[in-house]
There are 2 protein chains.
Amino acid sequence: MADDLPPTAWAVLGLLSFPGERTGYELKKWADASLRFFYWSPAISQIYAELRRLESLGYVTSLHSGAEEPRAKRTYAITEEGRGALAVWAGGGQGLGAPVLKHPVLLRVWLGHLAAPEHLRGLVTEHVARTKGELKEVRDALGRADGVEAWAHPQIALRWSERRLAAEVELAEAMLDDLDAVPGQPPGNSPTQG
Amino acid sequence: MADDLPPTAWAVLGLLSFPGERTGYELKKWADASLRFFYWSPAISQIYAELRRLESLGYVTSLHSGAEEPRAKRTYAITEEGRGALAVWAGGGQGLGAPVLKHPVLLRVWLGHLAAPEHLRGLVTEHVARTKGELKEVRDALGRADGVEAWAHPQIALRWSERRLAAEVELAEAMLDDLDAVPGQPPGNSPTQG
DNA sequence: CTCCACATGTAAAAGGTTACATGATTAG
DNA sequence: CTAATCATGTAACCTTTTACATGTGGAG
């Protein structure tokens, strides 16, 4: 049992562990709509590559709708072996690494001594707006998953993501206050609310 | 002006934009102690590689303490050109991508239908403990940066990280409750507090 | 008729990690 | 004396992205 696949492979296999069969293209959309909020969405070309690898391991099977269907596509399904391997992987995982966060906005704030204060505020404000948009996306996804028994756990992950994004907004707003309190800086365009 | 360096290169250059000169080895420790909380710490071998690239671009200079010092080491300093390029990079950044989060624990929770409920609880509990440890590390780093005027912005990034980790603990605890509420599951080993 | 979504894949390049190799200094 | 820390680097390998190439079907 090849147990040392990269997390991405398990994520793709995981996508197929829920009821139904899907194409690589569909998998990418699923990943964009939910996986990405807590574990990033691979490029479509990588999804195809992972699917081929998983198939070569016997963890998935594919069916090519060749002559029958007008539009040719390859539909993937998880095998029993794949489900077993995935369960073994899911059952392990003690001593997991810490979550990795790559936050471009924080990277710039960290280097704030090199930028104009208003510019920094602008980046953070933009980030807040974007995050609120993502919050809406998560809520939509949550709405779609609601009530479906097989999706109890994805739903928990989504609920976590929802709270996480709400926290991200609060974090950014608190940072805005910290930014305003940096000494040696003109009062700037931010009204000292109160 | 080669403006299309990967964020990692800017992060390493950024490390050198604070007062003082340092070796690649020291840079790695700095990254482990602060950068990693909001933007991951590159492998030491990659730091050396980035330093060589930055030097070839004229963004940093190095001094090899050859025959003089007993222990040979190469000390890096940012150049004016490097500082300029970094400032340009820091001054841009509108339309930044969303932060990328890779959360191994969430990935397993998402696949919770394949694992034993107690196992899931164990992973999350372990994650809470680890996060609390990181919280302590951030507070230590914050203590070291405290009062140093040149570090106002790194301090803001650290403060953000502190709040973020505190939020992470709360998020995980809320998820534990969600996990207990999954239907079709034995009451388990978690006492229904109340 | 044109644009967008569907659908799949290849190839090159970049990014990044791990393992390996080496050696001095310091703390216990 | 021994282990850990300091210190640097190479090479192989894997992961992942980007750009490219191709073609169908439906909506406006």
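Residue numbers begin at 1 in each chain, while the letters A, B, ... track the order of the sequences.
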Notebook entry, point to check: How does each nucleotide of nucleotides 11-16 of chain D score, in 5' to 3' order, for protein heavy atoms under 4.0 Å: base (B), sugar-phosphate only (S), or none (-)?
Noted result: ----SS
Assess whether a salt bridge exists between [X] and [Y], defined as any Lys/Arg side-chain N lying under 4.0 Å from an Asp/Glu carboxylate O.
{"X": "A:R53", "Y": "A:E50", "value": "yes"}
{"X": "B:K28", "Y": "B:D32", "value": "yes"}
{"X": "B:R164", "Y": "B:E168", "value": "yes"}
{"X": "B:D178", "Y": "A:R163", "value": "yes"}
{"X": "B:R36", "Y": "B:E137", "value": "yes"}

What integer distance in Å separates [X]:[atom1] from [N]:[atom2]?
{"X": "A:D32", "N": "C:dA7", "atom1": "CG", "atom2": "P", "value": "15 Å"}
{"X": "B:L51", "N": "D:dT10", "atom1": "CG", "atom2": "P", "value": "13 Å"}
{"X": "A:R74", "N": "D:dT24", "atom1": "CZ", "atom2": "C1'", "value": "17 Å"}
{"X": "B:W10", "N": "C:dG15", "atom1": "CH2", "atom2": "C1'", "value": "17 Å"}
{"X": "B:I47", "N": "D:dT8", "atom1": "CD1", "atom2": "P", "value": "11 Å"}

Report yes if at least one side-chain N or O of [X] is closer than 4.0 Å to OP1 or OP2 of [N]; otherwise report no.
{"X": "A:T23", "N": "C:dT8", "value": "yes"}
{"X": "A:R52", "N": "C:dT8", "value": "no"}
{"X": "B:R22", "N": "D:dA7", "value": "no"}
{"X": "B:Y48", "N": "D:dG9", "value": "no"}
{"X": "A:K29", "N": "C:dA7", "value": "no"}

Next item on the list: Could you please name the option among D:dC6, C:dT8, D:dG9 that lies closest to any side-chain atom of B:Y76?
Entry: D:dG9
Next item on the list: Please check if the distance between the ring centroids of A:W160 and B:H103 is under 6.0 Å.
Entry: yes
Note to self: Could you check whether A:F18 and B:W110 have their ring centres less than 6.0 Å apart?
What the structure shows: yes
Check: Which part of the nucleic acid, if any, lies within reach of A:K28 when heavy atoms closer than 4.0 Å are counted: base, sugar-phosphate only, or nothing?
Finding: nothing
